[in-house]
Structures are given as C-alpha cells and as structure tokens.
Amino acid sequence: MPGVMTKKVAVIGGDGIGPEVVAEGVKVLEALREIRGWDLELLPFELGAERYLDDGTTFPADVAETIEKECDAVLLGALGDPRVPDMKHARDILFGLRFGLDLYCNVRPIVCLHDRLMPLKRYSAHDCDFTVFRENTEGIYVGMGGHFKKGTADEIAIQEDVNSRKGVERIIRAAFEFAKAHGKKTVHMADKHNAMKHAHELWHRCFLEVAEEYPEIEAKHVYVDALCLFLVLDPSQFEVIVTCNLFGDIVTDLGAALQGGMGMAASGNVHPGKVSMFEPVHGSAPPLTGKNVANPLATVLTVGMMLSHLGYEGEEKILTELVRQAVHTGHCTAEVGGDLGTRETGDWIVSRLREMVG
Ligand code: IPM
Ligand code: MN
C-alpha cells in the first residue's frame, strides 16, 4: 500500500527548454503522487533570464532560505539565455544552489539504455554503466582570482584551483560509500598530479588513504587525459569514477555521448541527508525552445534520482525502466530515434506508469 510521504520539492524550470522538460518531470511526479497517495508539495519558483531581465532578480535570499529551511529537494531545468551573454543569472542560481546548500557530490550516472544509442561500434549498451562522482563545491569553480591590467596588451587573468583536504576527502569517501552500497568492485580516481603537483598530489594521497578503509574495493588511479582515452577505447572497465569539479564537468559530457547524448544524461547535486538539487545535465538549448522537440528523458531519469534521494529507491528503478522502454519502443524524441514530441514522450511515460503501478 502507498506509504505516507510529506515532502516539499522546489521546482525551477529556468530558461530555454528547461521549463518544457521540467513540465514532463512534474507530470510524472504528479502521477506518482496520485497513484502512491503521497503528500508531496511542488513549489514553483519563477527564476531565470526572463525574471533577471525583467527586474534584475537572480537568486534572492528569501528563495534560498525557503529552499534550505522548508524543502527536501530542488528540481532544476536548465539555465542560459543568449540575452544574458555573461550568464550572470545562471551562475547566481546554479552556484547559489550548489555552494549555498554545500552540495558536494555531483552524481552523474552514465548508463546507456539501448544499443542504438551507443556510439562506439565495438560496444553495446551493457558495456556502458558507471557513475561519476564530480566534486561540486571547490576547484576552479569557486571563482577566486581576478584580472590585472584588464583590456591592455599586458593583461593577466588568474583563477585559483581551490582544493581543501575536507573537500577532497568527502567526495572520495562518497564514491567509495556508493561503490560499497551498490556492490561495485572498483573506484577510479582521475586527477592530473603529474602536472598539478600541489593540488592534485593532495587528491592522490587522499585517495590512497581513504581507499585503505575499503579493502574490498579496488582503488585505481588514472590521469584524466588517459581516462578520456580509456572511456572511448573500453568504457566497460569503469564502475565508479571520482574526480574534481572541472574534470568531472568535462568527462561527463564525454559520458553523455556514450549514453546517447545530453538528452539522456541525469544528475543529482547531493549533500547526503540534506536538501539536494537535481537537474538534467543538458543546457537550455535555445534553438530547440518552444518547438516541443527537446528530449525529456534525462529529466525523467533525474526525477528518479530525486525520488531515490527522498527515500523512494523503488520509484527510481521504475522510472529508469520506463525510460528504457521508451527508447526501446521508439516512444521518444527524434534525437534518440523516436518520433514523439516532448509532451507526447512525457504522456507515454505517464500512461505506462499507470499501467505498471496504477
Ligand atoms: C554542468 C554545466 C555547468 C558546469 C555550467 C552551466 C556552469 O556545464 O552542470 O555540467 O560547468 O557545472
Ligand atoms: Mn557541463
């Protein structure tokens, strides 16, 4: 019988295709709420380029406070608009959530759900199933630095790569904990300590130390450039990869290509046990906006991750299975080989959901 759940989820559609894909995620959540009898409140926030251009608001303190004090999770669409070339609003909102809520684990599952989506000719879908733990609160993303003699021929720009023992240790530990909980045999840590002899020496040393606490899991170091090579040559060797903020950003786009494109890539920005944020990895895709062509499946997978974070792991499995079926039966958008629109894909997922669990 349905469990009782009192949860509040903040919903930020954002820019471009963000609101379109989030609408499909919300449809799925509303259907589950009805079927399961959940006490689940969705709290929409109008934030994004439109609001910024209208009244200068990016990420107001009262919204941040409401999210932190009253919500259990945030569902975010995408941010970015050609009318805001410096991405100010996007950084304020995205980094406001990531840093403000101390969401140190950017968890990005790289799972290919159908052979058709696998771009490597020697491999099939089952060869690509790993999870990247991207550090999400440090590195070059903290924005420490500045310009000197800006705009002159002698201009200098500096941006510091910030790595704390605490920050490095907690993401590495999260990767090992995930591996342990999911029966994975290896954790790869990707750094660049051959060149970054201070910051990434810390990563390497910390990795070896934390690994000792998990003797049942094989700890493997790989330089990040070599990781890119191995991901293309043989993705099947990876189960869990942990890396810094910038490398994680880059490697997960490569990963998205292995799973069928950005429209299939889900993510959670997580602080275990605390309010966390969930977003599809793709951007706002301005050229696709308003055409009902954006792939909502990354958002459906992302909603699954969010439900798992809220304690509903079974529902994550169901949503992943439905996305797999959507791709297998062609009930998906053209980008992943189907002929449905964004809304119709969401409708199909909801109707199958009702057949399966309703
Ligand atoms: C991502 C995005 C962001 C990042 C951008 C929009 C700042 O690429 O979530 O992967 O670099 O983290
Ligand atoms: Mn990225």
Side-chain angles (χ1 to χ4, degrees), residues 12-19 21-22 25 47-49 52 58-59 73-111 130-145 159-163 167 171 190 224 227-228 231 241-271 276-289 294-295 297-299 301-303 305-306 309:
I12 304 172
D15 305 328
I17 60 167
V21 293
V22 161
L47 298 174
Y52 176 56
T58 58
F59 190 54
V74 183
L75 179 63
L76 175 68
L79 295 162
D81 186 299
R83 293 170 301 169
V84 190
D86 69 357
M87 299 273 288
K88 163 143 177 72
H89 71 295
R91 269 198 316 279
D92 282 5
I93 299 168
L94 186 62
F95 297 166
L97 287 162
R98 287 182 183 171
F99 293 114
L101 296 171
D102 199 26
L103 305 176
Y104 65 93
C105 305
N106 196 325
V107 185
R108 296 186 161 183
I110 312 288
V111 183
F130 58 93
T131 303
V132 177
F133 277 71
R134 165 186 173 186
E135 203 292 321
N136 210 33
T137 49
E138 297 194 344
I140 62 153
Y141 278 75
V142 303
M144 275 174 65
Q159 188 148 355
E160 298 290 349
D161 187 20
V162 177
N163 297 266
I171 187 68
V224 70
L227 174 65
C228 293
L231 280 172
I241 297 171
V242 59
T243 190
C244 68
N245 207 338
L246 181 63
F247 295 171
D249 178 48
I250 297 166
V251 160
T252 54
D253 267 28
L254 198 166
L258 298 177
Q259 62 191 136
M262 298 304 282
M264 298 301 295
S267 85
N269 295 249
V270 176
H271 187 127
S276 296
M277 184 268 279
F278 297 81
E279 51 168 350
V281 177
H282 63 71
S284 58
L288 306 186
T289 305
N295 182 1
L297 295 179
T299 303
L301 294 168
T302 297
V303 165
M305 291 182 78
M306 182 176 85
H309 178 78

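Sequence positions, counted from 1, serve as the residue numbers for this chain. For ligands, and for the atoms within them, numbers begin at 1 and follow the listed sequence.
- With contacts defined as side-chain heavy-atom distances shorter than 4.5 Å, the pair Asn245/Arg134 qualifies.
- If you check each of Arg91, Arg108, Met262 against atom 1 (C) of ligand 1, the one with the closest non-hydrogen atom is Arg108.
- Shortest contact from atom 6 (C) of ligand 1 to any protein heavy atom: Leu94 CD2, 4.1 Å.
- Scanning the protein for heavy atoms near atom 7 (C) of ligand 1, the closest one is Phe95 CZ, 3.9 Å.
- Ring geometry for His309 versus Phe278: interplanar angle of 30 to 60°, hence tilted.
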Go through the steps to decide whether Ser284 and Asp15 satisfy the test side chain to side chain donor-acceptor pair (under 3.5 Å), and finish with yes or no. CA-CA 6 Å; Ser284 58; Asp15 305 328; 5.5 Å; no

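- Using a 4.5 Å cut-off on side-chain heavy atoms (C-beta onward), Leu94 and Tyr141 make no contact.
- In terms of protein heavy-atom proximity, atom 4 (C) of ligand 1 is closest to Tyr141 OH, 3.5 Å.
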Using side chain to side chain contact (heavy atoms under 4.5 Å, CB included), reason through Ile110 and Ile241 one step at a time and then give a plain yes or no. CA-CA 10 Å; Ile110 312 288; Ile241 297 171; over 6 Å; no

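- Of all protein N/O/S atoms, those under 2.8 Å from the Mn ion (ligand 2) are Asp249 OD1, and waters are not counted.
- Here the side chains of Asp81 and Pro286 are not in contact, with every heavy-atom distance at 4.5 Å or above.
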Going through the distances and angles, do Asn136 and His271 end up as a side chain to side chain contact (heavy atoms under 4.5 Å, CB included)? CA-CA 10 Å; Asn136 210 33; His271 187 127; over 6 Å; no

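- Closest to atom 10 (O) of ligand 1, if we only count protein heavy atoms, is Asp249 OD1, 2.8 Å.
- Closest non-hydrogen pair, Leu76 versus Pro280, comes out as O-CD, 3.2 Å.
- Contact annotation: the side chain of Asn269 approaches that of Glu279 to within less than 4.5 Å [non-hydrogen atoms, C-beta and beyond].
- When each atom of ligand 1 is checked for a heavy atom of Arg98 under 4.0 Å away, the hits are 1 (C), 4 (C), 9 (O), 12 (O).
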